[in-house]
Amino acid sequence: MTAAPAAVAGLHWRPISPDDLPAWHRLVRAIEDADDPAERYTPEDLHDELLDGSWKDPARDSILGVDADGVARAFGHVEAPPGDRRTIRAFCWGGVDPQWRGRGVGRELLAWQERLAREKIASAPSPAPGRVIVHVDDGVRATVRLLEHAGFDRMRVFLELTRPLEEPVPPVAVQDGLRLVPYDPSLGERVRLAHNEAFAEHWNSEPRSREDWERRSVGGRYFRPKWSFVVLDGAEVAGYSLTSAYEPDWEPQGYTSGWTDVLGVRHAWRRRGVATALLAATMHRLREDGIDRADLGVDLDNASRALDLYTALGYRESRRQYAYGKDV
């Protein structure tokens, strides 16, 4: 087992257990209130982060720092998704109670995460190189300083884009021979395989396993099939868009939205208006349901120039997030 963080600030460290979910959620809420992240977690979300997936082991992958009164003051979590082939990725997520910052807790917590991440990468079945990754929202400068001091490099900039739906929405049109259809579970496996092909060349992307796809994408509680679409060429999936309703984020962001989690077009069907048709169909359906905006995220350095497409359709930057990492 990875050695626990040093005993800084009088904290006692132990793995997170299912019984800790209420206390862990109170801690996460305090961190969210201070840092104003784009994504907010419900107790159900935390349960899934900890337990939902055959590859997860809370005793190995998580840690909680509690003070002398038993109050949770810091946490860390490391996840290495199954099935990585090109790069073995280890994602680190954690935080420190705002009242306990400036005591060295974050530094020790990050060091524990990196140790565990390196162990996971070293023990992976694939001999591929590894990468330790931390995502941080723009504006959380203390975390950025902590990461840079620990030798992490800013590897990527991700933009969050928003598109008001009171503005005119483009018509839905596909070229002859193609069909745009609503997402249906019968298409699930074909869409997963199409996604793995479409994203094969994207930075930090790895093939999605069937279990991971079902749990985190088309089977997730936030996924909305009626806002999601597939373009077919005969029986072949040419492109797809999968959209969710992250309702816990609506109040803090000040509007309702549909978030397009993934949008992909396979190589043979690119530059044929497939992505435009998918997004237009999503926007029309969202507006019919009384939703204020269509949102999505994009890698600023996306080689397919996706940002140009989105801005042409009326999407505008609303926030930024950074991926910091170490290749090991």
Can you hop from V96 to L11 via hydrophobic side chains spaced under 4.5 Å? yes
Applying side-chain contact (heavy atoms from CB on, under 4.5 Å) between P58 and each of I16, I63, L51, report the one that passes. L51
Within the side chain of R208, is there an N or O that forms a donor-acceptor pair under 3.5 Å with the backbone of H195? no
Using a strict threshold of under 4.0 Å (side-chain N to carboxylate O), is an ion pair present between D48 and R215? no
Flag side-chain contact, heavy atom, 4.5 Å: R316 against P164: no
What about F199 and L279, same hydrophobic cluster or not, with Ile/Leu/Val/Met/Phe/Trp/Tyr joined at side-chain heavy-atom distances under 4.5 Å? no
Of W24, F75, W93, the residue whose pairing with Y41 passes ring pair (Phe, Tyr, Trp, His ring centres under 6.0 Å): W93
Evaluate whether atom NE2 of H267 has more than 12 neighbouring non-hydrogen atoms of other residues, nucleotides or ligands under 6.0 angstrom away. yes
Could you tell me the separation between the CZ atom of R86 and the OG atom of S205, rounded to the nearest 0.5 Å? 6.0 Å
Please determine whether the number of non-hydrogen atoms from other residues, nucleotides or ligands lying under 6.0 Å from atom CD of E251 exceeds 12. no
Establish, yes or no, whether a centroid distance under 6.0 Å links the rings of W227 and Y183. no
Are the side chains of E247 and Y222 in contact, using a 4.5 Å heavy-atom criterion? no
Can you measure from CG (L165) to CZ (R293) and round to the nearest 0.5 angstrom? 9.0 Å
Spell out, as yes or no, whether a donor-acceptor pair under 3.5 Å connects the side chain of E236 to the backbone of A238. no
Ignoring hydrogens and geometry, is there a side-chain-to-backbone donor-acceptor pair from Q253 to A38 under 3.5 Å? no
For V274 versus G239, what's the shortest heavy-atom pair and its separation? CG1-CA, 4.0 Å
Applying the 4.5 Å side-chain criterion to the ILVMFWY set and letting contacts propagate, would L27 and V71 be lumped into a single cluster? no
Donor-acceptor contact below 3.5 Å, side chain D57 vs main chain A59: yes
With side-chain hydrogen bond (donor to acceptor under 3.5 Å, both in side chains) as the test, would you mind laying out the steps for S186 and D184 before giving the verdict? CA-CA 5 Å; S186 65; D184 184 87; 2.6 Å; yes
Worked verdict on K120 versus D61 for salt bridge (Lys or Arg N to Asp or Glu O under 4.0 Å): CA-CA 10 Å; K120 285 177 172 287; D61 301 339; 2.7 Å; yes
Is any side-chain heavy atom of L232 closer than 4.5 Å to a side-chain heavy atom of V237? yes
Answer yes or no: is there a side-chain heavy-atom contact under 4.5 Å between D212 and P81? no
Does K56 pair with E211 as a salt bridge, N-O distance under 4.0 Å? no
Is there side-chain contact between W100 and D67, with at least one heavy-atom pair below 4.5 Å? yes
Okay, side chain of R190, backbone of A235: is any donor-acceptor separation there less than 3.5 Å? yes
May I ask you to decide whether R210 forms a salt bridge with E214, counting only side-chain N to carboxylate O separations under 4.0 Å? no
Under a 4.5 Å cut-off applied to non-hydrogen side-chain atoms, are W112 and V78 in contact? yes
For the residue pair W203 and F158, categorise the inter-ring angle as parallel (less than 30°), tilted (30 to 60°) or perpendicular (more than 60°). tilted
Go through the steps to decide whether E119 and R115 satisfy the test salt bridge (Lys or Arg N to Asp or Glu O under 4.0 Å), and finish with yes or no. CA-CA 6 Å; E119 290 175 12; R115 289 195 299 272; over 6 Å; no
Donor-acceptor under 3.5 Å (D233 side chain, L178 main chain): no
Quick one: do the R131 and N204 side chains pair a donor with an acceptor below 3.5 Å? yes
Before accepting this row, confirm whether a basic side-chain N of the pair D289/K226 lies closer than 4.0 Å to the acidic partner's carboxylate O. yes
Out of the candidates R40, R101, R29, R141, only one should pair with D35 under the salt bridge (Lys or Arg N to Asp or Glu O under 4.0 Å) rule; please name it. R101
Let's go through S228 and T243 carefully: what are the C-alpha distance in whole Å and the side-chain angles of both, what is the deciding distance for side-chain hydrogen bond (donor to acceptor under 3.5 Å, both in side chains) to 0.1 Å, and is it a yes or a no? CA-CA 5 Å; S228 304; T243 299; 4.6 Å; no
Any salt bridge linking E288 with R285? Criterion: basic side-chain nitrogen under 4.0 Å from a carboxylate oxygen. yes
Are V144 and V157 linked, directly or through intermediate hydrophobic residues, by side-chain heavy-atom contacts shorter than 4.5 Å (ILVMFWY only)? yes
Following the transitive rule for hydrophobic clusters with a side-chain heavy-atom cut-off under 4.5 Å over Ile, Leu, Val, Met, Phe, Trp and Tyr, establish whether V265 and V262 coincide in one cluster. no
From OH (Y240) to CG (L180), nearest 0.5 Å: 14.5 Å
Do F152 and L146 touch side chain to side chain, with heavy atoms closer than 4.5 Å? no
Straight-line distance of R305 CZ to T311 OG1, nearest 0.5 Å: 9.5 Å
Donor on one side chain, acceptor on other, E79 and W55, under 3.5 Å: yes
Do the charged groups of E201 and R270 touch, with an N to O distance under 4.0 Å? no
Drop me the distance from R14's CZ to S62's OG, to the nearest 0.5 angstrom. 9.5 Å
D295 side chain reached by E160 side chain, heavy atoms, under 4.5 Å: no
Calculate, to the nearest 0.5 Å, the distance between atoms CE and CG belonging to M283 and L278 respectively. 10.5 Å
With a 4.0 Å cut-off on N to O distance, would you call R221 and E44 a salt bridge? no
